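A short write-up of the structure that comes next.
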Protein chains: 2
Amino acid sequence: MLDNERLSGQDQLIDRFGSYFESIGFQPIAGRIIGLLSVSDREELSFDEIINRLKISKGSASVVLRRLVSECRVAVVESGRRHYYKLNQQNLFELLDEFERMCDSVRYLLNTTIDLKTDKESSNAKYFNQIINTIDRYKTNMATMRQAVQTI
Amino acid sequence: MLDNERLSGQDQLIDRFGSYFESIGFQPIAGRIIGLLSVSDREELSFDEIINRLKISKGSASVVLRRLVSECRVAVVESGRRHYYKLNQQNLFELLDEFERMCDSVRYLLNTTIDLKTDKESSNAKYFNQIINTIDRYKTNMATMRQAVQTI
DNA sequence: TATTTAGTTTAATCGCGATTGAACAAAAAA
DNA sequence: TTTTTTGTTCAATCGCGATTAAACTAAATA
């Protein structure tokens, strides 16, 4: 593969990272920064390199990077008067953790809903109970899988 | 539990449903409609009942309901010149389906990223490979669980 | 000390989805 | 036929997050 093909492929990927992270609630620029730090050949980039390649203002880069660092998604290394940023490699189960939190909140919502029903045998009440059972089964299953992966 | 306690509890729950569905990309009103159809005692409500209890305009109710129906989240029953709406009880694994689609798109993103790396042994490349392996293990596991649940 | 470099802060703007209100259409009722 | 009911359509507005530009600060360099 030619080098310029690779670089333009990277640019496209950066936008895809951006779209993905935007879809899960990140600011567009935050997603593209994560994308850049993921796809670029050198995996530790300076503030300047980031704003130049993504063509964003210093202001937004500053705000977004501070946030990403505070959320532990990006790590910062100070060298001289420059800041270098790199992807923070988080727990492998990060994606799963977030999904399980979502399951917990759904489970709570449905449980409370059933509590407030006059008719606990109503169509929705029965449906919600089935979902709760499925969530419980899922969580048990996941706990087992996590243990298996840990002990490899 | 007193009846008015139950009703105000329902109102709070409706807003929680709203927040939850908003967090996964629905319009605020869409989430509250789903909430209302989930928590209310009668589980089939007319257009009028919906806009009165949620205090929303006819315009937004019309637009949002049409969308919810087209997405198969809500079912509509026509009776006389009135429309009645109820929650559409979807596949139990709906939540999981969506999560697995997300896993697929992450997997694709990471795979493509590795393809474009000059150094396939770079820190990020190795990290991404680990995530891909974890996703694959997860999907295998889920397939097994689904089968188990189907055959109960 | 004066100057340059690197990044921060903040006021202003831009864009866009969500929501409403009011006019409108269709069908039932009178 | 006329009126009422039920819901739809669409232009206008509202609100808000994302982004930028430019002034500003702090630290390194000359």
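All values reported here derive from a predicted model rather than from experimental measurement. A note on names: the letters A, B, ... follow the listed sequences, proteins ahead of strands, and every chain is numbered from 1. No hydrogens, no waters, no symmetry mates; every other heavy atom, side chains included, goes into these values.
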Can you list every pair that meets ring-ring contact (aromatic ring centres under 6.0 Å, His included) and has a residue in residues 97-132 of chain A, with sequence neighbours left out?
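Every pair satisfying ring-ring contact (aromatic ring centres under 6.0 Å, His included) with a residue in residues 97-132 of chain A: A:Phe99-A:Tyr138, A:Phe99-B:Phe99.
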So which pairs with a foot in residues 46-71 of chain B pass ring-ring contact (aromatic ring centres under 6.0 Å, His included), sequence neighbours left out?
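Not a single pair qualifies under ring-ring contact (aromatic ring centres under 6.0 Å, His included).
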Which residues satisfy the side-chain contact (heavy atoms from CB on, under 4.5 Å) test with [X], sequence neighbours excluded?
X: B:Ser79; answer: B:Tyr84
X: A:Glu121; answer: A:Asp119, A:Lys126
X: A:Asp115; answer: none

Residues touching DNA chain C, which here means a heavy atom under 4.0 Å, drawn from residues 52-88 of chain A
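Nucleic-acid contacts, sorted: A:Lys58, A:Gly59, A:Ser62, A:Arg66, A:Arg81, A:Arg82, A:His83.
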Considering only heavy atoms of chain B and a distance under 4.0 Å, specify the first and last nucleotide of DNA chain C in 5' to 3' order that meet this criterion.
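Contacts span C:dA18 to C:dA29, reading 5' to 3'.
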Please list, chain by chain and in numerical order, all residues satisfying side-chain hydrogen bond (donor to acceptor under 3.5 Å, both in side chains) with [X], sequence neighbours excluded.
X: B:Thr144; answer: none
X: A:Thr113; answer: none
X: A:Arg66; answer: none

For DNA chain D, which residues in residues 13-46 of chain B have a heavy atom at a distance below 4.0 Å?
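None, since no heavy atom is under 4.0 Å.
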Divergence of helical axes at both termini of the helix from C:dT1-D:dA30 to C:dA30-D:dT1 - five pairs an end, 10° steps:
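For the helix from C:dT1-D:dA30 to C:dA30-D:dT1, the axes at either end differ by 10°.
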